[in-house]
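In what follows, every heavy atom counts, from backbone to side chain, and hydrogens, waters and symmetry copies are set aside. Just so it is clear: chains get the letters A, B, ... in the order the sequence lines come, proteins before strands, and each one is counted from 1.
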Amino acid sequence: MNYDFVSIEKKWQDKWFKDNTFKAVDFHPTKPKYYILYEFPNVSGGNLHMGHMKGTIPADALARYKRLNGFNVLFPIGGDAFGLPAENAAIKKGTDPHEFVRDGMKRFEEQFKKLGMSFDYDRTICTSDPEYYKWTQWIFLQLLKHGKAYKQRGVVNFCPNCQTVLSNEDSQGGKCDRCGGDVVQKERNVWFLKMRDYCEQMLGNIDRIDMAESLKEAQRNWIGKSEGMQVSFDVVDENNKKLGTFDIFTTCIETIYGITFMVLAPENKLVDNLKNNIKNFKDVLAYRKKTALRSEFDRLSDQKEKTGCVLEGLFAINPVNGKKVTIYVADFVLAGYGSGAVMAVPSHDQRDFEFAKAFDIPMVQVIEGDCSKHAVEKKEYLEKNYKMLNSAEFTGLDVKTAKKKIAEKVISLGVGKKTTNYKMQDWSFNRQRYWGEPFPVVFCDHCGIVPLDEADLPLILPETKDYLPNKNGDSPISKITDFVNCKCPKCGRDAKRETDTMPNWAGSSWYWLRYCDPHNDKALADFDKLKYWGSVDCYTGGTEHITRHVLYAFFWQNFLYDIGAVPTRDPFLRKMGSGLILDDTGKKMSKSSTNGVSPMEVIDKYGVDAARLHVHFLGGYEDNTPWTYDGITGITTFLDRVWALQDMVKGDEISKEHIFELNRLIKKVGEDYENLKLNTIISALMIFIKKVRDDGFITKQELRDFLLLLNPLAPHITSEIYERVFHAEILDDSWPKYDEKYLVEDVIQIPVQVNGKLAKVVSIKRDLNQDEVLEYLRQNYPKLTEGFEVKKLIYIPNKIINIIK
RNA sequence: GCGGAUGUGGCGAAAUGGCAGACGCGCAGGCUUCAGGUGCCUGUGGUGGCAACACUGUGAGAGUUCGACCCUCUCCAUCCGCACCA
């Protein structure tokens, strides 16, 4: 007899939705809090895809499990709606973004309902709602007020296709994150957030969070902490007249006697400052222009051919030995890292080596090793602790000692100091696009950049039909003159508004805080509520944008903590990245690919309980799993058998036939929910149901416990059976307890090995001592010990016996 | 190039120092059924054997251990992230 999943599932979903059954209670008087967050979906798609099944279901199961265990669970949802992804999708569809987002949010809600998600729908937020982005703007004002936001001309990533500036995070590998096109470098006036100030704090967050090591490493790499020295070099002309100085950063101070040239990034300011002394300044400008347009193709090309341009007429003086060397500009030196300049030691750095070969520059070897084919780099010379050469008083010392002594010398000469460098840059924070949070600032000829009064927030995004990106890379908002022209809040004279908008990451960098108090119009959230809900206990979601998103989250949370707006530095205690669902070619199943199977299709065919179980029976939460319908019959058979339990009820209390299995099951399933190991929960439940069917009956109490164990994963069918059998609501019941005394049986089966090889499995009383075991074996299994002397008996009580002969 | 992870039957996968392959799919055989792309039962890593059983087996090779999928070292393969970061 099959159960009618269509009507049963709808019945419960309607009820949960209508009653908002899963409402979280602020300041619950007795229950402990538990905060589960699922990464809110981006409204760009408007439809849930298989990837969402991987992330939502475990979060929902954990939420339901925790509620049954007496927790006051906060499990909210919302939509990430501002920014390029939604705007590009809206443009493609030819809809106004406002309307596009409204539709998308509605569709998400319907689909989440169909998934049986136990969200608190009263707390739903959307980042493009003025009530929400009021507080995104408020946070920006605080950043500005505390010197963590600044506007500056700088060389930044620009996507010619999307017509906007992008952050480093949004242009990884030289490709636009949204359209995949090549990103070029452009000089522009840009808002930056001082994320670099938070490198150490963020590294602390990474250490404290419970998250996969690979994700932690990706984030540490992105921050890119590196310890070394900053050293000052004088710049002179042919006649040794001092023209200025510049700093370099190095992690290999021990090679300083090997410098044969210096290299600046093409954009380095020194080039502009000394342009009158550079004889070939025209060539330098031409080189600059060329490198700015270098595309992805050039950068990835295998040759990695070194290009550059000498600065004729300028020389640098090595502070340790007074040696005069040539200066170049070259694009292998990055303007944004360190001070945008390096000392070049071709014998001991492979890039310098290649550059020296290309430009025919001499080399000086200062550490042992064979430098004829390639540089002997620090990995090799430090590991082998080679001796120093050609390094004045340090010649003959081993490298490790020399490194310390040379550093001391540089410091005592007053030309250097120990420093720490980070790869991470400040966050370029504006986009020349329509669909985003307007910046709450105006530009006044008299007062400069003037922030709006907090009382005037939100600054509403003006409506317009002309929202397509501009060809010249200006924001379309610049055309809305009655928005742009305004009065300066400070002096009252005519002023203009900022017309760029914030990036899509703005709204998602603090949204977990808003869920604690989503309707507050006095603060981003009430401080006591933030304190009550605290850090997110478990945060699930995809891994696609995890490095960026989590770092941005750490950054904002730390900033808000420092200004006293939130009670903790750690937004999340545990972050789980769900694996991908792969299609039949082993590639990521994407929403756009034609072979993508929609979750709604699976739900319509098999029911949502079956779909929920199937996706997570396929493999572990953090593993990639290939999608297939194969095996779903195993799940539907299981659910049919669960349904059939109603007709097998006999007796009330737990039977002696099932007491051990049931207690073990309760223990195992509970542990597996905590660790989100849903696949083994399902198999454990299958094993139990097989036992029940073999015995031909289940008691009422056993059925009750079984339904509770399955409820977090398959909430509909279990709610229905519970109601039919017990005439009550399963959600009013609580998680079954197990008793330790039923986890162990008096007579156990344990393996006996001879010389480490399995010989026999024997039945034996629990908790015998070693002598008793040997005696027992001699009595009952004489063959195991006959014919040889037992040299040694290894007996791990109740686990294994190993006889050594 | 650097970093991280993974590697187990025909397939998805269990087992984190103690009986490898649980559970599910698939496959084979059987029972039920008017019928079945239904339900139920049995078997199923490989090799040999009618069989009980024997040997063998977790990417490859070494090591630690009474005992290794699990710990250590070397290598190979695949996937992911970063990539001229001084």
Side-chain angles (χ1 to χ4, degrees), chain A residues 1-2 172-174 212-222 224-226 228-229 248-252 255 263 265 299-300 304-306 330-334 336-345 348-352 354-355 377-379 421-425 543 546-547 577 579-580 582 586-588 613-614 617-620 622-635 637-638 640-641 644 677 679-687 690 693-694 749-762 791-796 798-805:
Chain A
M1 177 185 62
N2 291 355
Q172 292 178 26
E213 197 50 39
S214 56
L215 300 175
K216 288 190 172 203
E217 273 309 300
Q219 298 189 340
R220 290 195 188 102
N221 281 342
W222 193 257
K225 181 175 180 171
S226 161
M229 290 194 78
I248 60 97
F249 174 74
T250 180
T251 56
C252 307
T255 63
V263 189
R299 276 195 255 161
L300 265 191
K304 269 189 185 165
E305 224 167 80
K306 292 285 177 292
D331 68 353
F332 81 84
V333 176
L334 308 173
Y337 183 73
S339 49
V342 300
M343 62 181 219
V345 183
H348 305 291
D349 181 287
Q350 188 58 24
R351 287 158 320 167
D352 299 348
E354 285 160 20
F355 192 86
E377 294 195 284
K378 80 177 145 189
K379 194 180 167 195
N421 241 304
Y422 302 92
K423 274 202 276 185
M424 192 167 67
Q425 309 282 305
T543 51
I546 200 164
T547 303
L580 300 172
L582 306 173
K587 295 250 164 53
K588 179 191 162 196
L613 290 172
H614 180 58
F617 195 53
L618 284 174
E622 293 189 289
D623 301 328
N624 295 338
T625 37
W627 167 260
T628 170
Y629 274 111
D630 292 350
I632 198 165
T633 53
I635 295 294
T637 301
F638 170 68
D640 286 341
R641 289 174 177 183
K677 293 175 73 176
N679 50 346
T680 50
I681 292 176
I682 298 165
S683 63
L685 293 169
M686 285 172 167
I687 294 167
K690 186 170 176 352
R693 287 168 62 83
D694 285 349
Q749 307 280 313
I750 80 169
V752 180
Q753 297 178 337
V754 176
N755 280 348
K757 261 178 80 174
L758 179 69
K760 193 152 184 73
V761 177
V762 303
K791 274 204 190 124
K792 199 174 164 192
L793 182 81
I794 291 156
Y795 170 59
I796 309 298
N798 308 322
K799 270 202 163 158
I800 200 159
I801 301 160
N802 193 0
I803 300 163
I804 312 301
K805 56 177 180 180

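Using N1 to N3 plus N6-O4 or O6-N4 for Watson-Crick, or N1-O2 and O6-N3 for G-U wobble, each under 3.5 Å, A28(B) pairs with U42(B). Nucleotide A15(B) is matched to nothing when pairs are restricted to Watson-Crick or G-U wobble geometry with both distances under 3.5 angstrom. Nucleotide U47(B): paired with A54(B) (Watson-Crick or G-U wobble, both distances less than 3.5 Å). Pairing for A5(B) goes to U78(B), judged as Watson-Crick or G-U wobble with the two contacts each under 3.5 Å.
Note: CD (Gln753(A)) to P (G18(B)) measures 11 Å, nearest angstrom.
G9(B) shows a glycosidic angle within 90° of 0 and is accordingly assigned syn.
Leu334(A) comes within contact range of at least one nucleobase, with a heavy-atom separation under 4.0 Å. The residue Ser214(A) sits close only to the backbone: its heavy atoms come under 4.0 Å of sugar-phosphate atoms, none of a base. Within the 4.0 angstrom heavy-atom criterion, base atoms lie near Ile794(A). Here Asp352(A) lies out of heavy-atom contact (under 4.0 Å) with every strand. Among the protein residues, Thr543(A) comes within range of no part of the nucleic acid, since none of its heavy atoms lies under 4.0 Å from any strand. When heavy atoms are screened at a 4.0 angstrom cut-off, Ile804(A) is found touching the sugar-phosphate backbone but no base atom. Among the protein residues, Lys677(A) comes within range of the sugar-phosphate backbone only, with heavy atoms under 4.0 Å from sugar or phosphate atoms but none that close to a base.
Each of G26(B), C84(B), G81(B) was ranked by its minimum atom distance to the side chain of Ala218(A); first place goes to G81(B). Closest to the side chain of Arg351(A), from the set G12(B), C84(B), C19(B), is C84(B). Side chain of Lys379(A), nearest nucleotide from C2(B), A86(B), C23(B): C2(B). Among the nucleotides A13(B), A22(B), G67(B), the one closest to any side-chain atom of Asn802(A) is G67(B). Minimum atom distance to the side chain of Tyr337(A) is reached by C85(B), of the listed A14(B), C84(B), C85(B). Distances from the side chain of Pro626(A) to the nucleotides A22(B), G18(B), G12(B) place G12(B) closest.
In terms of position on RNA chain B, the residue among Arg693(A) and Tyr422(A) whose nearest nucleotide sits closer to the 5' end is Arg693(A). Looking at which nucleotide of RNA chain B each of Glu213(A) and Arg641(A) is closest to, the 5′-most match is held by Glu213(A).
You won't find any donor-acceptor pair under 3.5 Å spanning the side chain of Lys690(A) and the base of C23(B), going by distance alone.
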